[in-house]
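Working notes, beginning with the structure itself.
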Amino acid sequence: MRYVVDCREQPSENNCTLTIAGEKEEVLKAAVEHAISSHGHTDSEELRSGIESGLKPEQTAAAS
Ligand SMILES: [Zn+2]
């Protein structure tokens with residue numbers, strides 16, 4: 001199961017359109033780093049739990 005975080009669904013000040021997909025731990029790590037580097041957030045439990053709550057199972061249109 002892969003998960004995705006779509007920045008378009010998060011409130012952002014820079015109209016970010018990034019989507020991060022992968023294993024849950026990878027997505028969480030990448031999303032935290034992205035939020036810090038691109039959105040000016042600070043690393044915190046609150047940030048991590050906020051991102052984790054935005055994780056969604058990947059929907060694959062090509063799934064048979
Ligand atoms: Zn973003």
Side-chain angles (χ1 to χ4, degrees):
M1 173 75 79
R2 298 211 313 168
Y3 287 83
V4 295
V5 168
D6 191 339
C7 255
R8 291 173 298 183
E9 296 179 0
Q10 311 296 328
S12 79
E13 64 293 327
N14 59 358
N15 296 319
C16 184
T17 60
L18 186 73
T19 299
I20 301 169
E23 296 290 330
K24 190 173 183 179
E25 290 306 314
E26 293 174 332
V27 174
L28 200 50
K29 184 170 182 290
V32 167
E33 288 170 3
H34 170 71
I36 293 167
S37 65
S38 297
H39 294 277
H41 289 288
T42 4
D43 194 348
S44 66
E45 279 304 309
E46 194 178 357
L47 176 64
R48 287 168 189 271
S49 62
I51 289 170
E52 194 163 12
S53 70
L55 284 179
K56 291 179 182 173
E58 185 176 48
Q59 307 285 339
T60 48
S64 54

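- Side-chain contact between Thr19 and Arg8: present, with at least one pair of heavy atoms (C-beta onward) separated by less than 4.5 Å.
- For the pair Leu18 and Asp6, the minimum side-chain heavy-atom distance is 4.5 Å or more.
- Between Gly50 and Ser53 the shortest heavy-atom distance is O-OG, 2.7 Å.
- Interatomic distance, Glu46 CD to His41 NE2, rounded to the nearest 0.5 Å: 10.0 Å.
- The stretch residues 31-41 participates, sequence neighbours left out, in these salt bridge (charged side-chain N to carboxylate O under 4.0 Å, His left out) pairs: Lys29-Glu33.
- Applying the side chain to side chain donor-acceptor pair (under 3.5 Å) test to Glu52 and every residue at least two apart in sequence or in another chain returns nothing.
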Taking only distance into account, with no hydrogens and no angle test, what donor-acceptor pairs under 3.5 Å do side-chain atoms of residues 21-28 form with protein atoms, sequence neighbours excluded?
residue: Glu26; atom: OE1; partner: Glu23; partner atom: N; Å: 3.1

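- Under the 3.5 Å distance criterion, the side-chain polar atoms of Ser38 are left unmatched by any main-chain donor or acceptor of Ala35.
- Partners of His39 by ring-ring contact (aromatic ring centres under 6.0 Å, His included), not counting sequence neighbours, listed by chain and number: His34.
- Between the CG atom of Asn15 and the SG atom of Cys7 there is a distance of 11.0 Å, given to the nearest 0.5 Å.
- Put simply, the side chain of Val32 reaches to within 4.5 Å of the side chain of Ile51, judged on heavy atoms.
- Residue pairs meeting the ring pair (Phe, Tyr, Trp, His ring centres under 6.0 Å) criterion with at least one member in residues 6-25, sequence neighbours excluded, do not occur.
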Practice problem: Could you go through the salt bridge (Lys or Arg N to Asp or Glu O under 4.0 Å) check for Arg48 and Asp43 one step at a time? | Solution: CA-CA 8 Å; Arg48 287 168 189 271; Asp43 194 348; 3.1 Å; yes
